[in-house]
Amino acid sequence: QQRLQESLALALQGGFHEHAARVYTNVGEHAVVFKDFARAETFITEGIRFDTEHDLDAWTHYLTGWLAQLRFEQGRYDQAQQIAQQVLSIDRLTSVMRLPALTVLARLQVRRGEAQGVRRLEEALALAQPTGESQRIVPVLCGLCEAAWQLGDDSACLAALRWAEGLPGARVN
């Protein structure tokens, strides 16, 4: 953590905006995943402010999707939905910029019993899979497992878990 703080300080002092945006994003995302909500709140809100001030739209939209994820993890579903929909309403986002918001919206819809949730998760998986990156694929697979569990479809849940086993960095005990 100290090295990331140093990296951020150097990037800000040197005017290396993309590097600063990367630190804000990486720390914010990591904090959400590991449920360090106070740290996530700080880095995500500061990062969005920084990205907006420096016209770093790609970073802004991606990080805003992670703000939706933070609200989802906090159980603040209405806010999560509003933020996710705001991101998804923007034209011409890349797949990576869309994924956090799309995954949150789909998982919310699944939890609320809305039929389009599974379709949105399948859309998210189609965007995530070509990246080959666990950080993008696993949240979608978790959503698919949850949807399958709600429907009582053990085989679909097991299939998603087996898929996750084959991802880079997966450990099977």
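Since the structure is predicted, the reported quantities are computational estimates derived from the model, not experimental observations.
The two residues Val87 and Leu93 come nearest to each other via the heavy atoms O-CD1, 3.2 Å. Between Ala68 and Ala80, the shortest heavy-atom distance links the atoms O-CB, 3.4 Å. Shortest non-hydrogen contact noted between Met97 and Arg92 is CE-O, 4.3 Å. Shortest non-hydrogen contact noted between Ser134 and Pro139 is O-CD, 3.9 Å. Summarising the geometry of Ala101 relative to Ala84, their closest heavy-atom pair is O-CB, 3.5 Å, with the distance given to 0.1 Å. Between Ala147 and Leu121, the shortest heavy-atom contact is CB-CD1, 4.5 Å.
Looking at residues two or more places apart in sequence or on another chain, you find a side-chain contact (heavy atoms from CB on, under 4.5 Å) between Ala124 and Leu99, Leu102, Thr103, Val140.
More than 12 heavy atoms of other shown residues, nucleotides or ligands fall within 6.0 angstrom of atom CZ in Phe37.
The shortest distance between side-chain heavy atoms of Leu8 and Leu12 falls below 4.5 Å. Side-chain atoms of Leu56 and Phe50, non-hydrogen and from C-beta on, do get closer than 4.5 Å to each other. Under the 4.5 Å side-chain criterion, counting only non-hydrogen atoms from C-beta, Gln135 is in contact with Glu29. Side-chain contact between Ser95 and Thr131 is absent, with no heavy atoms from C-beta onward closer than 4.5 Å. Residues Gln69 and Trp66 form a side-chain contact, since some pair of their non-hydrogen atoms from C-beta on lies under 4.5 Å apart.
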Derivation of the side chain to side chain contact (heavy atoms under 4.5 Å, CB included) call for Ile90 and Asp57: CA-CA 11 Å; Ile90 299 167; Asp57 292 344; over 6 Å; no

Stepwise side chain to side chain contact (heavy atoms under 4.5 Å, CB included) test for Leu88 and Leu105: CA-CA 9 Å; Leu88 295 172; Leu105 185 59; 3.7 Å; yes

Full working for side chain to side chain contact (heavy atoms under 4.5 Å, CB included) between Arg22 and Trp59: CA-CA 8 Å; Arg22 188 170 291 109; Trp59 293 97; 3.8 Å; yes

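In this model, no donor atom of one side chain and acceptor atom of the other lie less than 3.5 Å apart for Gln109 and Arg112. A donor-acceptor contact closer than 3.5 angstrom links the side chains of Glu6 and Gln2.
Grouped with Trp149 in a hydrophobic cluster is no other residue, since no side-chain heavy-atom contact under 4.5 Å to another Ile, Leu, Val, Met, Phe, Trp or Tyr is found. The other members of the hydrophobic cluster of Phe72, by chain and number, are Tyr77, Val104, Leu108 (side-chain heavy atoms under 4.5 Å, ILVMFWY only).
The pair Asp91-Arg98 does not count as a salt bridge, with every side-chain nitrogen at least 4.0 angstrom from each carboxylate oxygen. Salt bridge Arg71/Glu41: present, at least one basic N to carboxylate O contact under 4.0 Å. Salt-bridge check for Arg49 with Glu53: passed, with a basic side-chain N closer than 4.0 Å to an acidic carboxylate O.
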